[in-house]
S.K.: 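First the structure, then my questions, so here it is.
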Amino acid sequence: MSPMYFSLNSAFILGLTGLALNRYHLLSALLCLEGMLLTLFITISIWALTLNSTSCSIIPMILLTFSACEASTGLAILVATSRSHGSDNLQNLNLLQC
């Protein structure tokens with residue numbers, strides 16, 4: 001395994017473990033999710049460059065678009081949560097109460 005692939009796999013696994021283990025603040029969960037999506041973007045971009053096909057070159061841009069939509073939705077949820085509950089602690093949220 002080349003050092004580039006090892007570092008990309010390590011970054012993705014680090015974001016995944018951060019998302020799985022750090023469940024205290026919503027902002028830290030969103031940052032871990034964004035790191036995972038950026039790692040996927042870089043990996044798919046490198047994969048599309050190594051294939052040298054024009055049909056796969058649009059896939060990283062679609063993933064980047066979905067990543068931007070996910071980030072804006074996450075920030076909107078973060079603002080709504082902090083306004084309604086006063087903080088972004090995930091332990092204070094009860095999804096059964098609307």
S.K.: CG of L38 to CG of L33: how many Å apart, nearest 0.5 Å?
M.R.: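 Output value for this atom pair is 10.0 Å.
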S.K.: Give, for atom CG of L64 and atom CG of L40, the distance between the pair rounded to the nearest 0.5 Å.
M.R.: 12.0 Å
S.K.: To the nearest 0.5 angstrom, please state how far the NE2 atom of H25 sits from the CG atom of L78.
M.R.: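 These two atoms lie 11.0 Å from each other.
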S.K.: For S67, enumerate each residue passing the side-chain hydrogen bond (donor to acceptor under 3.5 Å, both in side chains) test, keeping only those at least two apart in sequence or located in another chain.
M.R.: E34
S.K.: In this structure, would L51 and L63 fall into the same cluster of hydrophobic residues linked by side-chain contacts under 4.5 Å?
M.R.: yes
S.K.: Would a single hydrophobic cluster contain both L49 and I42, if residues Ile, Leu, Val, Met, Phe, Trp and Tyr are joined by side-chain heavy-atom contacts under 4.5 Å?
M.R.: no
S.K.: Among residues two or more places apart or on two chains, list those pairs meeting side-chain hydrogen bond (donor to acceptor under 3.5 Å, both in side chains) that have a residue in residues 35-50.
M.R.: none
S.K.: Could you tell me the separation between the OH atom of Y24 and the CG atom of D88, rounded to the nearest 0.5 Å?
M.R.: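 Rounded to the nearest 0.5 Å, the OH-CG separation comes to 9.0 Å.
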S.K.: Please table the atom pairs, donor to acceptor, closer than 3.5 Å between any side-chain atom in residues 70-77 and protein atoms at least two apart or in another chain.
M.R.:
unit_1 : atom_1 : unit_2 : atom_2 : d
S72    : OG     : A68    : O      : 3.4
S72    : OG     : C69    : O      : 2.9
T73    : OG1    : C69    : O      : 2.8

S.K.: Which side-chain N or O atoms in residues 3-20 pair as donor and acceptor under 3.5 Å with protein atoms at least two apart or in another chain?
M.R.:
unit_1 : atom_1 : unit_2 : atom_2 : d
S7     : OG     : P3     : O      : 3.2
S7     : OG     : M4     : O      : 2.8
N9     : ND2    : Y5     : O      : 3.3
S10    : OG     : F6     : O      : 2.8
T17    : OG1    : I13    : O      : 3.1
T17    : OG1    : L14    : O      : 3.0

S.K.: Under 4.5 Å between side-chain heavy atoms, counting indirect links through other Ile/Leu/Val/Met/Phe/Trp/Tyr residues: same cluster for M36 and I46 or not?
M.R.: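 Same cluster.
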S.K.: Among residues at least two apart in sequence or on other chains, which ones pass side chain to side chain contact (heavy atoms under 4.5 Å, CB included) with S87?
M.R.: N89, N92
